[in-house]
Amino acid sequence: MASNKRLLILPGDGIGPEVMYEVRRVIDWMERRRAVTFELDEDLVGGAAIEATGKPIQPATVEKAKAADAVLFGSVGGPQWDRLGFELRPELAILTLRRELGLFANLRPAVVLDPLVDASTLKPEVIRGLDLMIVRESTGGLYFGEPRGIETLPDGRKRGVNTEVYTTDEIERVGRVAFELARKRQNRVCSVEKANVMESGLLWRQTMTALREREFADVELSHMYADNCAMQLVRNPRQFDVIVTSNLFGDLLSDLASMLTGSLGMLPSATIGAPEPGGKRHALYEPIHGSAPDIAGRGIANPLAQILSFAMLLRYSFGMDEEAGLIERAIVTVLGSGLRTADIMAPHSAKVGTQVMGEAVVRELDKLAP
Ligand code: IPM
Ligand code: MG
């Protein structure tokens, strides 16, 4: 049975549009073969929006995102916009969407697919079978805390200020997302902060402990300092199931975790808000990789993280587990057959570009679900 699902596509800059084009193939396939219709809308964000409108995101785009059932985001940024002030930079597009849609929980999985076990710089025996999830708080902390700014002191020196600030309710709501995810996985949450030097970290630890006692006594909770966590992620990443942490630490640790898998080009992410009374939950899906301006327009970018972001969207926003699973299986098979984009190239593999990779995924989908 067909039902409309409203999807806003925001390709952005750099490789964003190229890899999004490959997602379109997968969307077409879904509509052809799975009796599902998407109501698609597309808009400009980031540098593309700056060039067209003077701002990284227009209020109308934010409204479209609010009205959509889910947002599929590409990536933003590029050297030509680096000199702009914070209020004009491409990155403001994603930060604005997180804030305006209340997308407080950023889910960043790091999964090592078997065919790619050799793509990591770490030894295969350390990362084989890795499957961890970082839940990063994404509307608070140092990214949004006040006061912030650069001021000039009376003696002419300048002073730059940002504030790390968390309230109990902000910690609890992201904590709940982590505990609930853990219940569907290995039932273990590691809460990460710097309670040894930061008050906000101490409150984070106390709040997570109390939350577990009150609502999630069945889930195992451990605590770790963020610096130690960085070290443990490289030493023995499989000790983790779900990691929950603040905005800034999550930004750093998720980049680190993603590289355990060998390629940023493989990893999707989801950012979700609170469930609304009608049951709707704002959500935005994006690859972890950036806009990669150095390889943009050359047709060599890896489209798989963007396609996997769409799979995540199907699973979390539309409950389409079966279709999400099909996409994930198709990708594993394509990689197993030896096709590789440049970023995950391995000996005895065939190097292909963005389009060939996208087409191969669709061909595999055809085989899996004719
Ligand atoms: C990310 C990015 C963003 C962030 C930038 C583009 C603002 O690094 O999503 O991890 O720092 O959150
Ligand atoms: Mg980042």
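Ligands are counted one by one from 1 in listed order, and the atoms in each one are counted from 1 as well. These figures come from a predicted structure and were not determined experimentally.
- Applying the side chain to side chain donor-acceptor pair (under 3.5 Å) test to every pair with at least one member in residues 140-149, sequence neighbours left out, gives these pairs: Arg136-Tyr143, Tyr143-Asp251.
- Taking a cutoff of 4.0 Å between a charged side-chain nitrogen and a carboxylate oxygen, Arg238 and Glu125 do not qualify as a salt bridge.
- Between Asp41 and Arg6 there is no salt bridge, since none of the side-chain N atoms of the basic residue sits less than 4.0 Å from a carboxylate O of the acidic one.
- Looking only at heavy atoms of the protein, atom 5 (C) of ligand 1 is closest to Glu91 CG, 4.2 Å.
- Linking ILVMFWY residues whenever their side-chain heavy atoms come closer than 4.5 Å, directly or via other members, places Tyr285 and Phe104 in the same cluster.
- Counting the atoms of ligand 1 from 1 in the order shown, those under 4.0 Å from a heavy atom of Arg136 are 1 (C), 4 (C), 9 (O), 10 (O), 11 (O), 12 (O).
- Taking the six-membered ring where tryptophan is involved, the planes of Phe318 and Phe38 are tilted, since the angle between them lies from 30° to 60°.
- Between Ser75 and Ile15 the shortest heavy-atom distance is OG-CG1, 4.5 Å.
- Protein heavy atom closest to atom 2 (C) of ligand 1, with residue, atom name and distance, is Asp251 OD1, 4.1 Å.
- Less than 4.0 angstrom separates some heavy atom of Arg98 from each of these atoms of ligand 1: 1 (C), 4 (C), 9 (O), 12 (O).
- Of all N, O or S atoms in Asp251, the one lying closest to the Mg ion (ligand 2) is OD1.
- Set against the non-hydrogen atoms of Arg108, the atoms of ligand 1 under 4.0 Å away are 1 (C), 9 (O), 10 (O).
- Nearest protein heavy-atom contact of atom 11 (O) of ligand 1 is Tyr143 OH, 2.5 Å.
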